[in-house]
Amino acid sequence: MNWSDLAQELGQQVTGKVIALAPMRDYTTWRIGGPADLLCNPRNEGDVITALKFAEEYGLPVTVIGNGSNLLVRDGGIRGLALRIEGGLDSVQVEGNRVLAGAGILLPSLSRIALRAGLSGLEFAAGIPASLGGAVVMNAGAFGQCLGDLVLEVDVVGYDGNRKLLSGSDLLFSYRTSSLQDQKLIILKAALQLVTETPFAIAERMEKNLAYRRRTQPLNLPTAGSVFRNPPGHYAAELIELAGLKGARVGDAQVSPKHANFIVNLGNASARQVITLIEMIKERVRSRFGIELVPEIRLVGEEG
Ligand SMILES: Cc1cc2nc3c(=O)[nH]c(=O)nc-3n(C[C@H](O)[C@H](O)[C@H](O)COP(=O)(O)OP(=O)(O)OC[C@H]3O[C@@H](n4cnc5c(N)ncnc54)[C@H](O)[C@@H]3O)c2cc1C
């Protein structure tokens with residue numbers, strides 16, 4: 001396929017940007033990943049539908065991404081169409097305690113909007129660099145709270161173009177997961193239920209959470225947040241540290257000396273190096289403690 005020609009053709013049909021052979025390192029917080037054949041960043045819901053029809057017409061596989069803050073894209077990149085729901089689809093309506101927001105808005109912006117509206121519930125999310133869609137799929141959470149607790153309903157479109165409304169209880173939220181993972185569905189918007197409170201109290205809690213992150217996480221280097229889920233009754237970071245792997249390196253991929261459940265990219269880390277480090281951690285924790293660590297990050301794309 002001539003990806004430049006296809007990018008031009010799709011670019012004429014949508015208002016959002018379309019790029020051929022887009023280096024995924026530019027679209028992931030880890031700054032790692034080979035090229036996506038075609039990357040489309042829809043500006044609105046119409047663009048999403050048009051891009052899906054285009055993919056069907058040309059027989060392109062579809063991969064949906066949000067802000068790329070939980071993604072490891074392999075070095076060979078993504079075949080077909082990568083739909084990046086971030087930046088566009090970001091409208092927000094506040095109606096009483098209910099917030100209806102587009103899937104492309106980032107959680108830090110959404111939590112500030114909630115703060116200004118005097119609505120509590122998203123304080124935990126102020127430092128999570130996720131799109132709302134990615135956060136719903138992952139049931140992003142921190143400080144004992146998670147997005148699934150707030151979701152009333154989501155508006156989704158299937159890769160076949162069919163739209164439907166799903167209620168929060170349809171999404172089977174549990175620790176860092178939902179029934180939306182690995183389904184051929186794209187979240188377009190979500191309705192959240194928040195609680196009225198004074199902006200002062202909300203801001204105070206938010207700042208406390210952000211200060212904790214600054215103190216404990218390597219926010220100055222590219223990462224994808226926590227690499228592993230916490231196993232029942234344990235903290236993954238603690239197990240990795242006890243296994244003697246804090247600071248361990250494979251090429252430019254390093255177990256953060258500040259937080260052992262984060263892998264930092266020291267400059268030019270490849271996906272292969274990160275995967276090798278992940279395997280090394282799993283093996284060491286398994287042999288020392290008999291515990292199987294399960295990755296939280298999502299792996300997409302082809303081997304390089
Ligand atoms: C510094 C840092 C701190 C972090 N802190 C936390 C934390 O405290 N708690 C936490 O839970 N996570 C945390 N994370 C991880 C990450 O932010 C979350 O997992 C987040 O939910 C991912 O959202 P995203 O938009 O970046 O999605 P992506 O990483 O782009 O995608 C994640 C998954 O969601 C799917 N997806 C994305 N958007 C859509 C959509 N619109 N429709 C359908 N599927 C979609 C993708 O296909 C993929 O499977 C952190 C990451 C970083 C870098």
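Start at 1 and go down the list; that is how both ligands and their atoms are numbered.
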Shortest protein heavy-atom distance from atom 16 (C) of ligand 1, along with the residue and atom involved: Ser69 OG, 3.2 Å
Is it the side chain, the backbone, both or neither of Ala224 that has a heavy atom closer than 4.0 Å to ligand 1? backbone
Would you mind running through ligand 1 and noting each atom that sits below 4.0 Å from a heavy atom of Gly133? 38 (N), 39 (C), 41 (N)
With heavy atoms of Ile186 as the reference, note each atom of ligand 1 found under 4.0 Å away. 42 (N), 43 (C)
Closest to atom 5 (N) of ligand 1 (judged by heavy-atom distance), picking from Arg213, Arg298, His259, Lys184: Arg213
Which residue and heavy atom of the protein sit nearest atom 23 (O) of ligand 1, plus the separation: Ala130 CB, 3.3 Å
Is there a polar contact, in the sense of an N or O pair closer than 3.5 Å, between Gln217 and ligand 1? no
At under 4.0 Å between heavy atoms, is it the side chain or the backbone of Gln181 that contacts ligand 1, or both, or neither? neither
Closer than 4.0 Å to some heavy atom of Gly141 - which atoms of ligand 1 meet that? 7 (C), 8 (O), 9 (N), 10 (C), 11 (O)
Close-contact set for ligand 1 against Ala142 heavy atoms, below 4.0 Å: 8 (O)
Among all protein heavy atoms, pick out the one at the shortest distance from atom 50 (C) of ligand 1; state its residue, atom name and that distance to 0.1 Å. Gly225 CA, 3.7 Å
Is there any N or O on Gly66 that sits under 3.5 Å from an N or O of ligand 1? yes
Closest non-hydrogen atom pair, Asp47 against Gly16: OD2-N, 2.9 Å
Nearest protein heavy atom with distance in Å, relative to atom 3 (C) of ligand 1: Pro129 CD, 3.8 Å
Below a 4.0 angstrom heavy-atom separation, can you tell me which part of Val137, side chain or backbone, both or neither, approaches ligand 1? side chain
Tell me the nearest of Val64, Thr29, Asn70, Thr28 to atom 47 (O) of ligand 1, using heavy-atom distances. Val64
Going by the closest heavy atom to atom 28 (P) of ligand 1, which one wins out of Gly134, Pro42, Gly68? Gly68
Counting both backbone and side chain atoms, is some N or O of Ser131 under 3.5 Å from an N or O of ligand 1? yes
Minimum non-hydrogen distance to atom 13 (C) of ligand 1, winning option of Leu107, Ile128, Ile65: Ile128
With a 4.0 Å heavy-atom cut-off (strictly under), which part of Val156 contacts ligand 1: side chain, backbone, both or neither? neither
Met138 heavy atoms, cut-off 4.0 Å: which ligand 1 atoms fall inside? 19 (O), 21 (O), 33 (C)
Top protein contact for atom 41 (N) of ligand 1, by heavy-atom distance: Ile187 O, 3.2 Å
State, to 0.1 Å, how close Val136 and Phe173 come at their nearest heavy-atom pair, and which atoms those are. O-CE2, 3.3 Å
Test your reading of the structure: does Asn67 have an N or O sitting under 3.5 Å from an N or O of ligand 1? yes
